[in-house]
Amino acid sequence: MEVVKESEPNTATMRKALLVINCIILSIGNCAGPLMMRLYFIHGGKRVWFSSWLETGGWPIILFPIACAHFYRSRTQPSSENKLFFMKPHLFIAAAVIGILTGLDDYLYAYGVARLPVSTSSLIIASQLAFTAGFAFVLVKQKFTSYSINAVFLLTIGSGVLAMHTSSDRPANESNREYVLGFLMTVGASALYGFILPLVELTYKKAKQEISYALVMEIQMVMCLFATGVCTIGMLVNNDFKVIPREAREYELGETKYYIVAICSAMIWQCFFLGAIGVIFCASSLLSGIIIAVLLPVTEILAVIFYNESFHAEKGVALALSLWGFLSYFYGEIKQSKENKPALETEMASVPNRQESV
């Protein structure tokens, strides 16, 4: 039993470290992804399906960490237990279905970014947290504390504050119809991804095999593979593959930078998707949604810096509310873990006593 006592803290420490790493990865993808996508559109890019394809088209990158994990296990585990892929058929099917939904979400989001400034699309995506919280309650029976409810409330209010000043952010020479359609597409993307995050958590819970981080990377790869397949079909129907070489030659920043933007965009979006499902693995879909929401005002500030988008008082207030909500959530988590720790220690201490009595 002493071994169990020592392994529990070690496991908890490793999970916390993994959570921090995935939060960093998610932050990079969540902040840089929309900026790279907008960079493509504002300098002459017009292919929405191609832009959505770039969100998941970098999935082969995941093969590298999967291979590294395989070689590491080959030194620590018997060869009979060490496999390159651990995913079973039913989990593969679940990941494929989520991937198809992700592909549709990619298109909705890319369409919105093509029509709206980064600041406007970001504030609309902030509504994703409300969808995530609702679906998490229905699908995975997410338990809410006063602190998590406060966090969702503050982050939602923050996006509402931003909405007070959206009219001034409308791009020049864009029709009313295009702007409204971009707005509706972005709302659809927000709702759909708010459903996908709890669906990933439900997949973890219903999987008939142990979920490790290596398996999480496999799930990420399959999701992005099928999402890329959906976007590839869209590109074929839209004749994007024929137009891309011409678009690259006419790109305002030059043909070489066109392909650099595309490659960097594909790599950065992999950080977003891996970070999002990694946070779900280490914590919950609600926390993943909260981190995405709290980073949206940060993305807006970066858009102000790099693209000279307007910055007004509402954005500052939204940033403050987002940080407040973020701190509220983590304060509640820390407080709850401290309350649960004495009960866990008491339960573990009682195990040897029960064995002695037997």
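Position 1 is the first residue of the sequence; numbering continues from there.
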Asker: Tyr204: which residues meet the ring-ring contact (aromatic ring centres under 6.0 Å, His included) condition with it, sequence neighbours left out?
Answerer: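 So Tyr204 forms no ring-ring contact (aromatic ring centres under 6.0 Å, His included) with any residue.
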Asker: Going hydrophobic residue to hydrophobic residue with side-chain gaps under 4.5 angstrom, can you get from Met267 over to Tyr259?
Answerer: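 Met267 and Tyr259: separate clusters.
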Asker: If two hydrophobic side chains count as joined below 4.5 Å and joins carry through other members, does Leu104 share a cluster with Ile233?
Answerer: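 As far as the 4.5 Å side-chain criterion goes, Ile233 and Leu104 are not connected within one cluster.
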Asker: Given side chains that start at C-beta, do those of Val200 and Ile98 come closer than 4.5 Å, heavy atoms only?
Answerer: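 Yes, at least one pair of side-chain atoms sits under 4.5 Å.
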Asker: Are side-chain heavy atoms of Val216 and Ser212 found at a separation under 4.5 Å?
Answerer: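 No, too far: nothing below the 4.5 Å cut-off.
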Asker: A side-chain contact here means heavy atoms from C-beta on lying under 4.5 Å apart; do Leu286 and Phe137 qualify?
Answerer: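 Side chain of Leu286 against side chain of Phe137, heavy atoms only: no contact under 4.5 Å found.
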Asker: Let me confirm one number: the SG-CG distance from Cys231 to Asn238, rounded to the nearest 0.5 Å.
Answerer: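 Reported to 0.5 Å precision, the distance equals 12.0 Å.
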Asker: Pair Met37, Glu55 - check side chain to side chain contact (heavy atoms under 4.5 Å, CB included), show working.
Answerer: CA-CA 9 Å; Met37 182 179 286; Glu55 291 184 60; 3.3 Å; yes
Asker: Please report the shortest heavy-atom distance between Tyr251 and Gly45, naming the atom on each side.
Answerer: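 Heavy atoms of Tyr251 and Gly45 come nearest at CE1-N, 4.0 Å.
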Asker: Could you tell me which non-hydrogen atom of Val222 sits nearest to which non-hydrogen atom of Ala95, and how far apart they are?
Answerer: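 Taking every non-hydrogen atom into account, CG1-CB, 3.7 Å.
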Asker: Does anything in residues 220-229 form a side chain to side chain donor-acceptor pair (under 3.5 Å)? List the pairs, not counting sequence neighbours.
Answerer: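 Side chain to side chain donor-acceptor pair (under 3.5 Å) check on residues 220-229 returns Thr56-Thr228, Gln220-Gln270.
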Asker: Taking it one step at a time, do Tyr213 and Glu218 satisfy side chain to side chain donor-acceptor pair (under 3.5 Å)?
Answerer: CA-CA 9 Å; Tyr213 193 72; Glu218 292 179 34; over 6 Å; no
Asker: Could you pull out the closest heavy-atom pair between Pro198 and Ala136, with the gap in Å?
Answerer: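 That would be CG-N, 3.6 Å.
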Asker: Could you point out which residue of Leu18, Leu19, Asn22 forms a side chain to side chain contact (heavy atoms under 4.5 Å, CB included) with Phe281?
Answerer: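 Only one option passes, and that is Leu18.
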Asker: Just to verify, what does Phe241 make a ring-ring contact (aromatic ring centres under 6.0 Å, His included) with, not counting sequence neighbours?
Answerer: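 In terms of ring-ring contact (aromatic ring centres under 6.0 Å, His included), with neighbours along the sequence ignored, Phe241 is linked to no residue.
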Asker: Report the residues that fulfil ring-ring contact (aromatic ring centres under 6.0 Å, His included) with Tyr111, sequence neighbours left out, ordered by chain and then residue number.
Answerer: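 In terms of ring-ring contact (aromatic ring centres under 6.0 Å, His included), with neighbours along the sequence ignored, Tyr111 is linked to no residue.
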Asker: Please name all residues satisfying side-chain hydrogen bond (donor to acceptor under 3.5 Å, both in side chains) with Ser190, sequence neighbours left out, ordered by chain then number.
Answerer: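 Residues passing side-chain hydrogen bond (donor to acceptor under 3.5 Å, both in side chains) with Ser190: Ser127.
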Asker: Could you grab the distance from atom CZ of Phe273 to atom SG of Cys224, nearest 0.5 Å is fine?
Answerer: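 Going from CZ on Phe273 over to SG on Cys224, the span is 6.0 Å.
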Asker: Suppose we screen for side-chain hydrogen bond (donor to acceptor under 3.5 Å, both in side chains). Which residues come up paired with Tyr107, at least two apart in sequence or across chains?
Answerer: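 Partners of Tyr107 by the side-chain hydrogen bond (donor to acceptor under 3.5 Å, both in side chains) criterion come out as none, since no residue qualifies.
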Asker: Quick one: are Phe92 and Lys88 in side-chain contact, heavy atoms under 4.5 Å?
Answerer: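 Side-chain contact under 4.5 Å: no.
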Asker: Can you pull out every side chain to side chain donor-acceptor pair (under 3.5 Å) where at least one residue sits in residues 42-51? Sequence neighbours excluded, please.
Answerer: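 Side chain to side chain donor-acceptor pair (under 3.5 Å) check on residues 42-51 returns His43-Glu252, Arg47-Asp240.
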Asker: Is there a side-chain contact between Met87 and Leu215, using heavy atoms and a 4.5 Å cut-off?
Answerer: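 When only atoms from C-beta onward are counted, Leu215 and Met87 do touch, with a gap below 4.5 Å.
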Asker: Enumerate the residue pairs fulfilling salt bridge (charged side-chain N to carboxylate O under 4.0 Å, His left out) with a member in residues 271-289, sequence neighbours excluded, ordered by first and then second residue.
Answerer: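 Residue pairs with at least one partner in residues 271-289: there are none.
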Asker: Working to the nearest 0.5 angstrom, can you tell me the gap between Leu139 CG and Leu202 CG?
Answerer: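 Result: 6.0 Å between the selected atoms.
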Asker: Which residues, ordered by chain and number, are linked to Ile21 in its hydrophobic cluster, where ILVMFWY side chains connect at heavy-atom gaps below 4.5 Å, directly or through other members?
Answerer: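 The other cluster members (ILVMFWY side chains, heavy atoms under 4.5 Å, direct or chained) are Ile25.
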Asker: Indicate yes or no: at least one non-hydrogen side-chain atom of Cys23 is less than 4.5 angstrom from one of Ile291.
Answerer: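 Yes; the side chains approach each other to less than 4.5 Å.
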Asker: Could you tell me if the side chain of Val230 sits less than 4.5 Å from the side chain of Asp106, heavy atoms only?
Answerer: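 With C-beta onward as the side chain, the pair stays apart.
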Asker: Provide the closest heavy-atom pair for Cys31 versus Thr299 in the form atom of the first, atom of the second, distance.
Answerer: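 Minimum heavy-atom separation between Cys31 and Thr299: CA-OG1, 3.6 Å.
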Asker: Closest heavy-atom contact between Ala207 and Leu91?
Answerer: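 Closest heavy-atom pair between Ala207 and Leu91: CB-CD1, 4.0 Å.
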Asker: Determine, using the 4.5 Å side-chain heavy-atom cutoff (strictly less than), whether Ile260 and Leu39 are members of one ILVMFWY cluster.
Answerer: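 In one cluster: no.
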Asker: Find out whether Val113 and Val48 are in side-chain contact, i.e. whether some heavy atom of one side chain is under 4.5 Å from a heavy atom of the other.
Answerer: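 Val113 vs Val48: side chains apart.
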Asker: If you measure only the distance, is there a donor-acceptor pair under 3.5 Å linking the side chains of Glu247 and Tyr258?
Answerer: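 Indeed, the side chains of Glu247 and Tyr258 share at least one donor-acceptor pair under 3.5 Å.
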Asker: Which residue pairs satisfy the side chain to side chain donor-acceptor pair (under 3.5 Å) criterion with at least one member in residues 275-287, sequence neighbours excluded?
Answerer: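 Every pair satisfying side chain to side chain donor-acceptor pair (under 3.5 Å) with a residue in residues 275-287: Glu201-Ser285.
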Asker: Could you state the interatomic distance from CG (Leu54) to CE (Met36), rounded to the nearest 0.5 Å?
Answerer: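 Between atom CG of Leu54 and atom CE of Met36 there are 9.5 Å.
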Asker: For the hydrophobic clusters of this structure (ILVMFWY residues joined by side-chain heavy atoms under 4.5 Å, transitively), does one cluster hold both Val97 and Trp59?
Answerer: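 Different hydrophobic clusters.
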Asker: With rounding to the nearest 0.5 angstrom, report the CD1 to OG distance, Ile292 to Ser288.
Answerer: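 Result: 4.5 Å between the selected atoms.
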Asker: Would you please classify the geometry between the Trp269 ring and the Phe272 ring as parallel, tilted or perpendicular, with 30° and 60° separating the classes?
Answerer: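 Ring orientation, 0 to 90° scale: perpendicular.
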Asker: With sequence neighbours left out, what residues match Asp105 under side-chain hydrogen bond (donor to acceptor under 3.5 Å, both in side chains)?
Answerer: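 With neighbours one apart ignored, the set is empty.
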Asker: If you look at every heavy atom in Gly194 and Phe135, which pair is closest and at what distance?
Answerer: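 For Gly194 and Phe135, the tightest heavy-atom pair comes out as O-CD1, 3.6 Å.
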Asker: Could you list the residues that satisfy side-chain hydrogen bond (donor to acceptor under 3.5 Å, both in side chains) with Tyr193, not counting sequence neighbours?
Answerer: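 Tyr193 satisfies side-chain hydrogen bond (donor to acceptor under 3.5 Å, both in side chains) with no residue once adjacent residues are dropped.
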Asker: Under a single-linkage definition using a 4.5 Å side-chain heavy-atom cutoff for Ile, Leu, Val, Met, Phe, Trp and Tyr, are Phe50 and Leu253 assigned to the same hydrophobic cluster?
Answerer: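 They do share one cluster, since a chain of ILVMFWY contacts under 4.5 Å joins Phe50 to Leu253.
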Asker: Once rounded to the nearest 0.5 Å, what's the spacing between atom CG of Leu287 and atom CD1 of Ile280?
Answerer: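 CD1 of Ile280 is found 9.5 Å from CG of Leu287.
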